[in-house]
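The structure appears right after this line, and notes come after that.
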Amino acid sequence: MKNEWPLWEVFIRGQHGLSHRHVGSLHAPDAETAIRNARDVYTRRNEGVSIWVAEAAHIAASTPGDKGPYYDPSQSKVYRHPTFFDIPDEVGSM
Amino acid sequence: MYAQMIKTARAGIKTRDEMSDLERDFQDKIDRDIKIEPRDWMPDDYRATLIRQIGQHAHSEVVGQLPEGNWITRAPTLERKAILLAKVQDEAGHGLYLYSAAETLGESRDELTRLLHEGKMKYSSIFNYPTLNWADMGAVGWLVDGAAIVNQVALQRTSYGPYARAMVRICKEESFHARQGYHAMMKMAFGTPEQKAMAQSALDRLWFPSIMMFGPSDAESTHSEQSMAWKIKVKSNDELRQQYIDQTVPQIEYLGLDLPDPSLKWNEETGHYDYGEPDWSEFFDVIKGNGPCNVDRLRNRVKAWEDGAWVRDGLMAHARKKAAAKVAAQ
């Protein structure tokens with residue numbers, strides 16, 4: 001049986017209330033060890049206060065080929081941005 | 001550098017007309033500084049060259065722990081010992097970031113380890129030199145990590161996304177390495193005459209091996225052209241070496257040490273320091289495996305890997321058993 005430890009992706013939440021962010025990956029035999037190792041590797045300099053790990057094999061991702069059909073349509077919908085609407089200065093900040 | 005003499009997997013550069021549509025789109029992205037990501041299409045040779053370069057870079061970080069590990073038990077104070085431990089631990093982390101980047105290209109960690117242990121992949125020539133006195137710890141941090149920073153700062157702009165991101169993280173940590181090394185050198189250079197002599201000896205021995213880290217001169221570096229076109233390499237060996245020498249000479253002068261090379265002179269005309277050519281036959285000899293410590297380093301790596309096998313296998317067996325028990329309980 002292949003004995004290489006599985007790969008885990010590591011997500012850390014920093015001190016200031018932001019979401020967990022992907023910081024890297026590591027190999028570990030199980031989730032518990034992955035979290036412990038992530039602490040040693042990715043939080044040695046106060047980088048975070050919370051760790052998530054997910055086995056890399058379980059992450060589903062969009063494919064590079066989807067880029068056009070997925071994201072191009074949003075470029076023509078400028079009205080989704082607040083700056084699309086001119087509001088007169090007299091109205092005040094909005 | 002940490003990756004030296006990387007053979008580009010292809011000889012010569014294709015012209016636009018010789019490229020397929022996919023290759024042309026790929027080169028366009030590179031030219032527009034759009035990062036290549038793991039699942040993007042890439043030429044096989046780009047992938048192979050990157051695996052070689054990132055793999056060698058990773059091996060260098062890991063093997064680089066050995067010359068410093070040599071001094072952990074003999075550090076002169078508890079504080080220096082804690083600092084050295086932290087630095088060596090960082091190197092293990094750097095190895096991890098880089099192996100992870102290589103893995104996104106489809107090469108497994110165990111496979112890279114196997115290639116290193118069988119002598120089919122290399123690590124930086126610098127780690128085949130011994131660390132003979134305590135001042136060497138200062139000099140390694142200052143000179144070797146200093147050289148690594150020059151290279152790695154440039155590589156933050158490399159075209160492969162995961163490699164560039166690993167470099168950003170590594171550079172942040174590496175600056176602690178260089179500074180703690182210089183700090184240790186100051187203590188020695190400004191200490192007793194004996195301490196100063198140790199500092200001078202460390203500088204004299206490590207100077208040429210450090211400037212050799214950047215690899216042979218551009219004129220002789222046959223593999224650079226394609227790597228530069230693909231932006232795997234961002235600056236040439238000579239450019240990086242000159243930048244390193246220019247920033248390091250004033251630091252030597254501040255320590256009050258003698259310059260390790262009599263040819264080191266400020267050149268008003270070029271605005272750079274002139275320097276003496278290292279002995280490149282020594283470099284090629286070390287790369288070939290005949291440096292002072294090649295045999296030791298590899299033997300220690302292989303031993304650590306083999307001695308740790310029962311732990312890796314035991315933890316994996318335990319994890320499988322636990323997972324099976326969990327399924328059975330459901």
Side-chain angles (χ1 to χ4, degrees), chain A residues 1-16 18-48 51-72 75, chain B residues 22 25-26 29 34-42 85-87 89-104 107-114 161-162 165-166 168-170 172-173 175-176 308-326:
Chain A
M1 193 183 277
K2 196 170 151 279
N3 256 349
E4 185 165 343
W5 288 352
L7 188 68
W8 301 76
E9 299 300 333
V10 179
F11 303 82
I12 305 269
R13 187 174 66 220
Q15 321 241 4
H16 306 292
L18 297 176
S19 314
H20 285 77
R21 192 170 148 251
H22 182 244
V23 293
S25 47
L26 49 75
H27 287 268
D30 54 31
E32 199 188 328
T33 318
I35 290 175
R36 208 177 305 136
N37 290 355
R39 184 205 69 131
D40 285 347
V41 183
Y42 292 109
T43 64
R44 290 205 301 278
R45 293 182 172 85
N46 288 323
E47 288 94 335
I51 299 171
W52 287 352
V53 295
E55 212 178 316
H58 294 154
I59 289 180
S62 61
T63 61
D66 291 336
K67 203 173 156 222
Y70 265 43
Y71 312 115
D72 286 355
Q75 282 179 15
Chain B
L22 279 170
D25 287 347
F26 175 81
K29 273 169 88 175
I34 295 174
K35 294 274 183 257
I36 307 301
E37 294 297 340
R39 302 179 63 176
D40 292 345
W41 184 88
M42 60 187 86
L85 265 173
K87 177 181 189 292
Q89 190 189 21
D90 275 355
E91 305 300 358
H94 295 180
L96 171 71
Y97 310 155
L98 286 157
Y99 284 127
S100 299
E103 277 179 282
T104 64
E107 188 76 324
S108 83
R109 173 93 57 91
D110 282 7
E111 175 63 5
L112 288 170
T113 305
R114 186 184 68 81
R165 290 191 285 271
V168 171
R169 204 181 164 81
I170 286 177
K172 274 191 208 154
E173 301 184 349
S175 122
F176 145 59
W310 69 274
V311 179
R312 293 193 302 275
D313 292 349
L315 286 174
M316 198 65 234
H318 177 66
R320 284 194 182 115
K321 215 167 112 187
K322 255 196 337 192
K326 200 174 158 193

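Note that the structure is a prediction, hence the values are computed from the model and not measured. Note that these values count all heavy atoms, side chains included, but never hydrogens, waters or copies made by symmetry.
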Could you look at Leu315(B) and say if it's the side chain, the backbone, both or neither that has a heavy atom under 4.5 Å from chain A?
both

Within the 4.5 Å heavy-atom criterion, are Ser100(B) and Glu9(A) side-chain neighbours or not?
no

Of the listed Asp90(B), Asp40(B), Thr104(B), the one with the largest count of heavy-atom pairs under 4.5 Å with chain A is Asp90(B)

One pair to check against side chain to side chain contact (heavy atoms under 4.5 Å, CB included): Arg312(B) and Asn3(A). What are the steps and the verdict?
CA-CA 8 Å; Arg312(B) 293 193 302 275; Asn3(A) 256 349; over 6 Å; no

Identify the residues of residues 38-48 of chain A whose heavy atoms come closer than 4.5 Å to a heavy atom of chain B, ordered by number, or report 'none'.
Asp40(A), Val41(A), Tyr42(A), Arg44(A), Arg45(A), Glu47(A)

Atom CZ of residue position Arg21(A) - does it have more than 12 heavy atoms of other residues, nucleotides or ligands inside 6.0 Å?
no

Which bit of Ala56(A) comes within less than 4.5 Å of chain B, counting heavy atoms only: side chain, backbone, both or neither?
neither

With Pro29(A), which of Lys322(B), Arg320(B), Met316(B) fulfils side-chain contact (heavy atoms from CB on, under 4.5 Å)?
Met316(B)

Part of Lys172(B) lying under 4.5 Å from any heavy atom of chain A:
neither

Distance-minimising heavy-atom pair for Arg39(B) and Ala61(A):
NH1-CB, 3.1 Å

By a 4.5 Å heavy-atom criterion (distance strictly below it), what part of Arg109(B) contacts chain A: side chain, backbone, both, or neither?
both

Let me confirm one number: the CD-CD distance from Glu103(B) to Glu4(A), rounded to the nearest 0.5 Å.
6.0 Å

Does His318(B) NE2 have over 12 foreign heavy atoms under 6.0 Å away?
no

Side chain from CB out, backbone as N, CA, C, O: work out which of these in Gln89(B) comes under 4.5 Å of a heavy atom of chain A, or both, or neither.
both

What distance separates Tyr97(B) OH from Leu26(A) CG, expressed to the nearest 0.5 Å?
10.5 Å

